[in-house]
Amino acid sequence: MIGKMISDLLILATIVVYIVDVSGFTQSWRAGLARWLKVQTLRPLPPFDCGQCAVFWSCLIYTIATGTFSLTAVLVSALLSHFSLALGQVLIICREMLLAALRKVEEWIC
């Protein structure tokens with residue numbers, strides 16, 4: 001039961017880190033909102049544009065929604081949010097390795 005919760009939270013953290021930190025989605029919607037509000041820059045909105053905050057709160061909300069909320073869930077959520085920067089770097093490294101492999105395949109084909 002705890003193993004499934006931890007794996008679910010790790011998958012959720014990976015998804016959140018990708019959306020908030022790696023994909024550029026946060027910068028896109030913030031730029032659009034700034035244009036719409038006719039301001040130069042927006043103040044930080046921590047639950048939405050901070051990867052650490054987003055991971056922590058999304059993991060806690062997930063555990064509450066699934067009925068697995070416990071001190072262990074809070075601890076795992078806090079640890080995953082602490083390591084969200086490292087998780088983002090791992091995602092970037094995986095992307096770069098995949099792109100390098102695809103370039104090699106392209107060189108072999110052409």
Inset, instruction - Could you name each residue pair satisfying salt bridge (Lys or Arg N to Asp or Glu O under 4.0 Å) that touches residues 13-25, not counting sequence neighbours? - result: none
Please enumerate all residues that pass side-chain hydrogen bond (donor to acceptor under 3.5 Å, both in side chains) together with [X], with sequence neighbours excluded.
X: Thr72; result: none
X: Lys4; result: Asp8
X: Ser70; result: none

Inset, instruction - Determine whether Val55 and Phe25 fall in the same hydrophobic cluster, where Ile, Leu, Val, Met, Phe, Trp and Tyr are linked whenever their side-chain heavy atoms lie under 4.5 Å apart. - result: yes
Inset, instruction - Could you identify which residues cluster with Trp57, counting Ile, Leu, Val, Met, Phe, Trp and Tyr as linked when any side-chain heavy atoms lie under 4.5 Å apart, either directly or through a chain of such contacts? - result: Phe56, Leu60, Ile64, Phe69, Val74
Legend entry - Arg30: partners by side chain to side chain contact (heavy atoms under 4.5 Å, CB included), with sequence neighbours left out: Thr26, Leu42, Leu45, Asp49
Inset, instruction - Just jot down the side chain to side chain contact (heavy atoms under 4.5 Å, CB included) partners of Leu91, sequence neighbours excluded, or say none. - result: Thr14, Val17, Tyr18, Val22
Inset, instruction - Show your reasoning for whether side-chain contact (heavy atoms from CB on, under 4.5 Å) applies to Leu9 and Tyr62. - result: CA-CA 8 Å; Leu9 291 179; Tyr62 178 81; 3.7 Å; yes
For residues 75-86, which side-chain donor-acceptor pairs fall under 3.5 Å, sequence neighbours excluded?
| from | atom 1 | to | atom 2 | distance (Å) |
| --- | --- | --- | --- | --- |
| Ser77 | OG | Ala73 | O | 2.7 |
| Ser81 | OG | Ser77 | O | 3.4 |
| Ser81 | OG | Ala78 | O | 2.8 |
| Ser84 | OG | Ser81 | O | 3.0 |

For residues 92-110, please give each side-chain donor-acceptor pair under 3.5 Å, one per line with the distance, not counting sequence neighbours.
none

Legend entry - Residue Leu37 excluded, over 12 heavy atoms near CG under 6.0 Å: yes
Legend entry - Distance-minimising heavy-atom pair for Val16 and Ala54: CG1-CB, 3.6 Å
